[in-house]
There are 2 protein chains.
Amino acid sequence: MGVEIERKFRIREPPQWLSECRSAAIDQGYLAIAEDGEEVRLRRIDGSSAVLTVKRGRGEERLEVEIELTDEQFQALWPLTEGRRVEKRRHRVEGDPLIEVDVYSGNLAGLVVAETEFPSVDASHRFDPPDWLGEELTGDDRYANQQLAARGLPTD
Amino acid sequence: MGVEIERKFRIREPPQWLSECRSAAIDQGYLAIAEDGEEVRLRRIDGSSAVLTVKRGRGEERLEVEIELTDEQFQALWPLTEGRRVEKRRHRVEGDPLIEVDVYSGNLAGLVVAETEFPSVDASHRFDPPDWLGEELTGDDRYANQQLAARGLPTD
């Protein structure tokens, strides 16, 4: 349980080499999204390993707990996420810092978002993003996965 | 998954014989309570059997799914319900209809609520409540458990 320091970008033209990176298919859906920032999320990776994640609070007070689910538990809960799902393939671009690139499909096809995490605010400021990362989305709540799941792609 | 037809009462003076009824201790807490009626609830009965319940939607569209949790899963999630918990002892008053009487403790000590479920709206209207049930609370959302957990006892 800690504060994540991360920067986020929208990639308009994914580089050719992205498809060669290691990747995993992610299905996630929301059981609840509340106004004060709390959320209860289901996620399944590569169609098997399933987790339930609960987030509560905002900013530095944010708590996050994740538990593994059996396939049976996941299957019982998944129908309740209908209308609030995202599917994407997450690619790991190895380097310093590691960059994760999510290529969305389904309703959000066409959206490609990169995220990178830093150990400190200083390190985050020092990062000089390469051109292929495109425009910065850091702090734009419309691109939070729970918002994408509930409201779809922002019109801008 | 169906619509529950039930009536609810606030018992001001619990009858002496209540303590002789079969009962179970219930701890429940909310992981999320959202404005559109959805909730994600943890419940543990007699300190062992644990379930996660997700409700979504309102009225006739309301979906409800419950899964059993292992003790380990329950223990990991329970801290996130802090500040949104109720503890109560549920008594079964056998008869036709069966009446369940919840005697709250902790923050809600002093509150005693009876609920009874009916197979049809007609049966619900035909039910002539005995005096000990006290004032009717049916339809008073302030006495919903999620509201009691989040806001405490209504001041009326």
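Below, read A as the first sequence line, B as the second, and so on, with proteins coming before strands; counting in each chain starts at 1. Please read all numbers here as calculations on a predicted model, not as lab measurements.
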Applying a strict under-4.5 Å side-chain criterion to I, L, V, M, F, W and Y, I'd like to know whether [X] and [Y] cluster together.
X: B:V40; Y: B:Y30; answer: no
X: A:L153; Y: A:L137; answer: yes
X: A:W78; Y: A:I26; answer: no
X: B:V51; Y: B:L42; answer: no

Verify side chain to side chain contact (heavy atoms under 4.5 Å, CB included) between B:L52 and A:L77, making sure each step is shown before the conclusion.
CA-CA 10 Å; B:L52 177 101; A:L77 295 175; 3.8 Å; yes
For a quick test of reading the model, state the closest non-hydrogen atom pair linking B:A34 to A:I33 and the distance between them.
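Heavy atoms of B:A34 and A:I33 come nearest at CB-O, 3.6 Å.
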Using a 6.0 Å cut-off, check whether atom CD of A:E72 has over 12 heavy atoms from anything other than its own residue.
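For A:E72, atom CD is not crowded (no more than 12 foreign heavy atoms under 6.0 Å).
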Whether over 12 other heavy atoms sit under 6.0 Å from A:E136 CD
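More than 12 heavy atoms, drawn from other residues, nucleotides or ligands, come within 6.0 Å of this atom.
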With a 4.5 angstrom heavy-atom cut-off, which part of B:E38 approaches chain A: side chain, backbone, both or neither?
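Looking at B:E38, just its side chain touches chain A.
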Residue B:L69 versus chain A: region with a heavy atom under 4.5 Å
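Its backbone and side chain both get close to chain A.
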Calculate, to the nearest 0.5 Å, the distance between atoms CG and CG belonging to B:L80 and A:L63 respectively.
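It comes to 5.5 Å.
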Taking A:R56 for its side chain and B:E82 for its backbone only, find out whether a donor-acceptor pair lies under 3.5 Å.
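Pair found, side chain donor or acceptor close to backbone of B:E82.
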Proximal component of A:V54, with respect to chain B [non-hydrogen, under 4.5 Å]:
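The answer is both parts of A:V54.
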Which bit of A:T53 is near chain B, if near means a heavy-atom gap under 4.5 Å: side chain, backbone, both or neither?
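Neither part.
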Polar side chain donor-acceptor pair, B:E68 to A:Q73, under 3.5 angstrom
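Checked: B:E68/A:Q73 side chains show no N/O donor-acceptor pair below 3.5 Å.
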Just checking heavy atoms, which of residues 84-102 of chain B are less than 4.5 Å from chain A?
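Residues in range: B:R84.
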